[in-house]
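As the structure is a computational prediction, the values presented were derived from the model and not from experiment.
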Amino acid sequence: QVQLVESGGGLVQAGDSLRLSCAHSGRTFSYSAMAWFRQPPGKGRNFVAYISSNGQTIYYADSVKGRFTISRDNARNTVDLQMINLEPDDTAIYYCAATLLSNIRDKSYASPRTYVYWGQGTQVTVSS
């Protein structure tokens, strides 16, 4: 059974940076496309970033493009989200998600329904 564990969240000021990490417990990690989602307080869960199993295909939400970078290390079974120039609107619980597919070739990469496994989330709070 696959488990995902996020880490790296915290309380920061606007303009600061954070690096989130997600550890995947299974041997199928190198075959699995991965994504980050986030859920602000009182709102729904929204797409943040996607990366294919080999790292060659990457997508970002418009709201984070140019500030966030997704990456993966298949030797360590980890996917990271480097966040710079954080804003108060970035405040949310950030979730790591895994699919059984190696790549998603349509916009469904941004849909939570595409993903089979989810972590428990890590809180990111950005103060003004």
Side-chain angles (χ1 to χ4, degrees):
Q1 186 176 7
V2 170
Q3 293 181 343
L4 303 177
V5 180
E6 303 97 335
S7 62
L11 173 63
V12 299
Q13 292 182 308
D16 284 353
S17 300
L18 280 175
R19 189 179 186 94
L20 307 182
S21 293
C22 172
H24 183 294
S25 69
R27 291 182 171 87
T28 60
F29 176 77
S30 64
Y31 300 97
S32 299
M34 303 286 293
W36 288 93
F37 289 76
R38 66 185 183 184
Q39 186 165 11
K43 299 181 180 180
R45 189 170 299 188
N46 296 319
F47 169 75
V48 175
Y50 165 91
I51 187 166
S52 61
S53 62
N54 61 10
Q56 293 183 349
T57 302
I58 292 173
Y59 299 111
Y60 296 101
D62 288 343
S63 59
V64 307
K65 195 172 299 181
R67 298 188 299 119
F68 290 12
T69 302
I70 189 170
S71 61
R72 67 189 297 152
D73 185 345
N74 285 355
R76 294 180 52 83
N77 275 31
T78 57
V79 59
D80 289 358
L81 186 69
Q82 177 66 54
M83 306 182 294
I84 65 170
N85 196 24
L86 284 162
E87 304 168 353
D89 284 349
D90 295 319
T91 295
I93 302 174
Y94 283 71
Y95 296 93
C96 177
T99 178
L100 298 178
L101 302 173
S102 62
N103 196 16
I104 300 167
R105 303 183 187 277
D106 60 27
K107 196 64 180 296
S108 64
Y109 65 79
S111 172
R113 296 182 180 272
T114 299
Y115 298 88
V116 176
Y117 301 108
W118 293 83
Q120 291 184 317
T122 186
Q123 178 70 48
V124 173
T125 302
V126 184
S127 66
S128 61

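Listed for the E6 side chain is a donor-acceptor partner under 3.5 Å among the backbone atoms of Q120. At distances below 3.5 Å, at least one donor-acceptor pair connects side-chain atoms of N77 with backbone N or O atoms of G26. R72 places a side-chain N or O within 3.5 Å of a backbone atom of S52 that can act as its donor or acceptor partner. Panel note: side chain T91, backbone V126; a donor-acceptor pair is recorded below 3.5 Å.
With a 4.5 Å cut-off on side-chain heavy atoms, S63 and R38 count as touching. Counting heavy atoms from C-beta on, the side chains of T99 and Y109 never come closer than 4.5 Å.
The hydrophobic cluster containing Y50 does not contain L20, counting ILVMFWY residues as joined when their side-chain heavy atoms lie under 4.5 angstrom apart, directly or transitively.
Between P40 and G44, the shortest heavy-atom contact is CD-O, 3.5 Å. Taking both residues in full, the closest heavy atoms of Y31 and S53 are given as C-CB, 3.5 Å, listed atom of the first, atom of the second, then distance. Pairing each heavy atom of L18 with each of L86, the nearest pair is N-CD1, 3.9 Å.
Taking the six-membered ring where tryptophan is involved, the planes of Y95 and W118 are perpendicular, since the angle between them exceeds 60° and thus also 30°. Ring pair Y115/F37 is perpendicular by interplanar angle, where above 60° counts as perpendicular and below 30° as parallel.
Within 6.0 Å of CD on Q123 lie more than 12 heavy atoms contributed by other residues, nucleotides or ligands.
In this structure, R67 fails the cation-pi test against Y60, since its NZ or CZ atom is not both closer than 6.0 Å to the six-membered ring centre and inside 45 degrees of the ring normal.
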